[in-house]
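Numbering starts at 1 and runs along the sequence shown. For ligands, and for the atoms within them, numbers begin at 1 and follow the listed sequence.
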Amino acid sequence: MNNSRNITVDRKQSHVETCLNKPVGFDTKTTGFEQYEFTHNAAPEINFCDIDLSTVFLDRTIAFPFMISSMTGGYAEAEHLNRTLASTAEKLNIPLGVGSMRQALENNEFRQSFSIVRQEAPTIPLLANIGAPEVAKGLSDRDLELLLDIIRADGLIVHLNPAQELFQPEGDTNFKNFLSRLRKLTEAIGIPVIAKEVGCGISPATAARLCDAGVSVIDVAGAGGISWQKVEEERYLQQFEHDRRFSPSALPELLNWGIPTASCLRGIAELKQKEHGLFQTAIIASGGISNGIDIAKAIALGADMCGSAGMMLQALHKGKLEETIVTWMNDLRAVMFLVGAQNISQLKKTLISLTK
Ligand SMILES: Cc1cc2nc3c(=O)[nH]c(=O)nc-3n(C[C@H](O)[C@H](O)[C@H](O)COP(=O)(O)O)c2cc1C
């Protein structure tokens, strides 16, 4: 095993362990969903049994507007995690993203830890994943073909993670030329490209630049869930103890850096309204989504879909993945009944207001 290969394999494994065992949530910031409230509808005029949660994502009808966000792959134990994530997503008919596939480009060991998802999930939308620094360097046609073939991907997620790379002991902080390379990628690829943060959020201005580069979907992955600065800080301390020569300081403002998920959604929804016709990109709300009520609020604030990673990992670890997702689905249905929304299109038009 060469050195770079070792680092990538160890990193993916330590991300899962750190997320499960260390306090890596934002602590001075929330998603902002708690600041919003629906108005109760005492006369909903719908039959609870007729509520339809289904929606269309990447031209496929899925059970409800929710996906399991990108997490893992690229080391031996990841095969087991991805197998369970994929079989559950297939059973519930919801999309699934795999973790960064950089390792699979570096060598063919552990490719099965990615390809298992298509074996377990033949029908749902599956999303490949690669980082902005790899896109900025330029992916070859061969790399691209390989990434998509391994899981027979329906879309490619490009994750934007400057804060994570900044705190990562072995991080790659060269994002130069990213947007022009992204434009080339979206023109060449032939399937939708999704631009996604990992917990620091996407502002309306950045969303507009990403749309201009041709992305079809934006996943805001805002602040309020896992802080990837904190995850990398934990890894940094394990490697370098308190020697800060290679990392920013652990100031709370930096560890909690990012735009709360609800603020991202509100800002992008306002921009979409203003720029009507120019800005058709679909929006995924993720970053700290923690129940079905958050999903309902995100949809009413302008999202088309929601995603979760950290909570899904915790649920998987406790053997409660399917149960958790079904509970979120039921709670979304409950909110829809109480606001009188029979389907997701009606929920999108439902009024939601700030509580203060
Ligand atoms: C263990 C783990 C590994 C992750 N690896 C990736 C990755 O490889 N690529 C990516 O785009 N996001 C990755 N993420 C980030 C999530 O997809 C998500 O954007 C982020 O954690 C915020 O959402 P959350 O608060 O629901 O966890 C990972 C998340 C977890 C928990």
Taking atom 4 (C) of ligand 1 as the reference point, the nearest protein heavy atom with its distance: M71 O, 3.3 Å
Minimum-distance pair of heavy atoms, taken over all atoms of A303 and A285: CB-CB, 3.7 Å
Electrostatic pair R83:E79 at N-O distance under 4.0 angstrom: yes
Nearest-option assignment for atom 14 (N) of ligand 1, heavy atoms, candidates S70, A309, C306: S70
Polar contact flag for G310 and ligand 1 (N/O pairs, less than 3.5 Å): yes
Numbering as shown, the atoms of ligand 1 that approach E197 to under 4.0 Å (heavy-atom distance): 19 (O)
Option nearest atom 8 (O) of ligand 1 (shortest heavy-atom distance, choices K12, H159, R102): K12
Exercise: identify the closest heavy-atom pair between A136 and K176: CB-O, 3.5 Å
Numbering as shown, the atoms of ligand 1 that approach G225 to under 4.0 Å (heavy-atom distance): 25 (O)
Donor-acceptor under 3.5 Å (E165 side chain, D172 main chain): yes
Ion pair check, R183 and E187, cut-off under 4.0 Å: no
Side-chain H-bond candidate by donor/acceptor type, E17 with S14, under 3.5 Å: no
Which atom of V215 lies closest to which atom of T186, heavy atoms considered: N-CG2, 4.0 Å
Heavy atom of M311, distance to ligand 1 below 4.0 Å: no
For S100, atoms of ligand 1 separated by under 4.0 Å from a heavy atom: 7 (C), 8 (O), 9 (N)
Distance from atom 29 (C) of ligand 1 to nearest protein heavy atom, with residue and atom: W228 CZ2, 3.2 Å
Backbone or side-chain N or O of G199 under 3.5 Å from ligand 1 N or O: no
Ligand 1 contacted by V16 (non-hydrogen, < 4.0 Å): yes
Contact with ligand 1 for G288, non-hydrogen, under 4.0 angstrom: yes
N129 side chain to M101 backbone, donor-acceptor under 3.5 Å: no
Parallel, tilted or perpendicular: ring planes of F66 versus F64, cut at 30 and 60 degrees: parallel
Any N or O of H15 closer than 3.5 Å to N or O of ligand 1: no
Residue part near ligand 1, for N129, under 4.0 Å between non-hydrogen atoms: side chain
Under 4.0 Å to a heavy atom of I226 - the qualifying atoms of ligand 1, by number: 25 (O), 27 (O), 31 (C)
Between E234 and H15: side-chain donor-acceptor atoms closer than 3.5 Å: no
Which of the ligand 1 atoms, numbered from 1, are nearer than 4.0 Å to a heavy atom of S69: 17 (O)
Any donor-acceptor N/O pair, N256 side chain to F26 backbone, under 3.5 Å: no
Taking atom 20 (C) of ligand 1 as the reference point, the nearest protein heavy atom with its distance: V198 O, 3.2 Å
Mode of K196 contact toward ligand 1 - side chain, backbone, both, neither (heavy atoms, under 4.0 Å): side chain
